[in-house]
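For reference, the structure discussed in these notes is given below.
Values in this document were obtained by computation on a predicted structure and should not be read as measured data.
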Amino acid sequence: MTAGTAKLPTGFGRLWTAQTISSLGDGVSHAALPLLALTLTRDPLALAVVAAAGTLPWLLFGVLGGALVDRWDRRRTMWVTDAARAALLAIPVAAAVLDVLSIPLLAAVAFLLGLGGLFFDTAATAYLPDLLHRDPALLERANSRLRGAQTAMSGFAGPPAGSVLLALGRSLPLLADAVSFLVSALLVRTLPAMPTPVPEVRESLLRQARAGAAYVFRDRLLLGLALRPAVGNIAFLAVETVLALFAHERLGIDTYGFGLLLTAEAAGGLLGAAIASSLGRRLGTGTALTCTAVVEGLAILGLAAAPNPYAAALALAVCGAGMGATMVLAPSLRQAIVPAHLMGRVASTSRMLAMCAAPFGAFLGGWLATTYDIRTPLYAAAGLLLAMTAVTATMTGNRRVEAALRAAAPSDDADHPRHAAR
């Protein structure tokens, strides 16, 4: 991709602000919800139910949600969803104040928040290319800023804020998250309206969902972009499942030190997001994606062999940088080449594949650590990442990327799906 000289439009600033505030609220609630559940029960299964509830909507309704987003006005979908999530959080806030909070209620709230996240994230992913006229360079710059803000707010600022607020009162973290959703909804409501794509043929929702999924699996480039996070989630969840135990037993890291270890990974993610566009320009997007996968695999190998906490923190920071760059380059490329009327379904299909892969990684990490050694999941994850690189490099190479960008470049009206103004 070549660098563009155009400036990001004013509307992007409002979208960035909305998502930054919402990410801060998410960071607060992600830290507070497990701790809140811990005040109600010590049953590991009950705690797992609360933790898993937020991911279930992607597994159950991912592709269907994308099909609905492709039918709806994306801006309206975003602000209505955030307003609904703000109203939803009033329920557990009231329950906490009245001291009637329960695990089933927390699990239900987590599920509905996850469902709202499905619609908001998919709509935002589909809205951004229209706002930026599908300019590849602008998309990379925009996604870099969005990813950086999300990492800073949900990874750095949000979790400690959530812990502090919870110490002050059980309802405060949830109230803060509700306020963040409300502010985000008000900001998104002021964004410019975009044309709503109209499918060529009016089909059933299920058939449209299948068409979106088939579009991903038939296109080698899109399939390669979808396989990266899917295989990556298997590897990273295998590591994450045993990371706390590995840090404690092999590196002698206490609870406070483990938090710093995770902070190092988040710092690397910020750096990766910041340099992603530069990597794409210098190496080409396809080669850059291959390099980041190699970096991730080698970094996990370095983590497995780390002799002390400092080396482990450096390895995690390098891995985070590779992940941060990947999560800017890959979505930006997808947004630049996918037709507007399919964007929601393609994005949700890719996200669903990644979400479905995560439980396999968690099971793999636990099984390998139990059967063999605490380092084995790390070596297996590194091998999986490096093997994936060899497979997907041919699917996401520079030539294929450039060909897809040329095919998606505006030429005449016949090349674009019809739009209907809302």
Side-chain angles (χ1 to χ4, degrees), residues 55-71 118-119 121-126 128-129 134 136 139 143 197 199-237 285-286 289-290 292-293 326-327 329-361 364 384-385 387-408 415-417:
T55 65
L56 282 179
W58 284 100
L59 306 181
L60 299 176
F61 310 116
V63 180
L64 287 175
L68 286 170
V69 167
D70 280 338
R71 289 185 172 191
L118 186 160
F119 286 115
D121 293 347
T122 304
T125 299
L128 188 62
R134 279 183 161 68
L139 284 166
N143 280 309
E200 293 294 331
V201 179
R202 201 68 177 174
E203 297 175 324
S204 69
L205 184 65
L206 185 59
R207 180 169 294 185
Q208 286 184 337
R210 287 202 304 263
Y215 190 84
V216 173
F217 285 98
R218 284 199 303 261
D219 188 295
R220 284 182 62 81
L221 176 56
L222 290 176
L223 181 58
L225 293 175
L227 286 176
R228 277 292 306 273
V231 177
N233 265 3
I234 295 176
F236 297 135
L237 262 293
T285 300
L289 285 170
T290 300
T292 57
T326 299
M327 296 179 75
L329 293 170
S332 300
L333 175 57
R334 186 184 297 115
Q335 288 169 328
I337 64 176
V338 174
H341 71 289
L342 285 165
M343 190 67 246
R345 283 167 284 175
V346 169
S348 61
T349 298
S350 301
R351 180 75 177 270
M352 188 182 70
L353 287 174
M355 297 294 286
C356 289
F360 291 101
L364 178 66
L384 188 61
L385 287 169
M388 172 200 67
T389 303
V391 174
T392 60
T394 60
M395 304 173 74
T396 59
N398 279 345
R399 288 187 179 181
R400 195 180 296 275
V401 168
E402 294 302 326
L405 288 171
R406 286 195 299 270
D415 295 330
H416 298 280

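- Between Thr122 and Thr125 the shortest side-chain heavy-atom distance does not fall below 4.5 Å.
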For residues 60-69, run the donor-acceptor check on the side chains, cut-off 3.5 Å, and write out each pair with its distance to 0.1 Å, sequence neighbours left out.
none

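- Legend: residues meeting salt bridge (charged side-chain N to carboxylate O under 4.0 Å, His left out) with Arg134, ordered by chain and number and at least two apart, are Asp130.
- In this structure, Phe236 has no ring-ring contact (aromatic ring centres under 6.0 Å, His included) partners at least two apart in sequence or on a different chain.
- Annotation for Pro57 and Leu118: closest pair O-CD1, 3.4 Å, computed over non-hydrogen atoms.
- The 12-atom threshold is not exceeded at CE of Met327, counting heavy atoms of other residues, nucleotides or ligands nearer than 6.0 Å.
- Not counting sequence neighbours, the partners of Ala358 by the side chain to side chain contact (heavy atoms under 4.5 Å, CB included) test are Asn233, Leu237.
- For the side-chain hydrogen bond (donor to acceptor under 3.5 Å, both in side chains) with Asp70, the qualifying choice from Arg345, His341, Gln208 is Arg345, the only one to do so.
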Please list, one pair per line, the donor and acceptor atoms closer than 3.5 Å that link side chains of residues 390-397 to other protein atoms, with sequence neighbours excluded.
| from | atom 1 | to | atom 2 | distance (Å) |
| --- | --- | --- | --- | --- |
| Thr392 | OG1 | Met388 | O | 3.0 |
| Thr394 | OG1 | Val391 | O | 3.1 |
| Thr396 | OG1 | Thr392 | O | 3.0 |

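- Scored by the salt bridge (charged side-chain N to carboxylate O under 4.0 Å, His left out) test, Asp219 finds no partners at all (sequence neighbours excluded).
- Remark: the backbone N or O of Thr326 is not paired with any side-chain donor or acceptor of Arg228 at under 3.5 angstrom.
- In this structure, Ile337 and Leu333 have side chains that are in contact, with non-hydrogen atoms separated by less than 4.5 Å.
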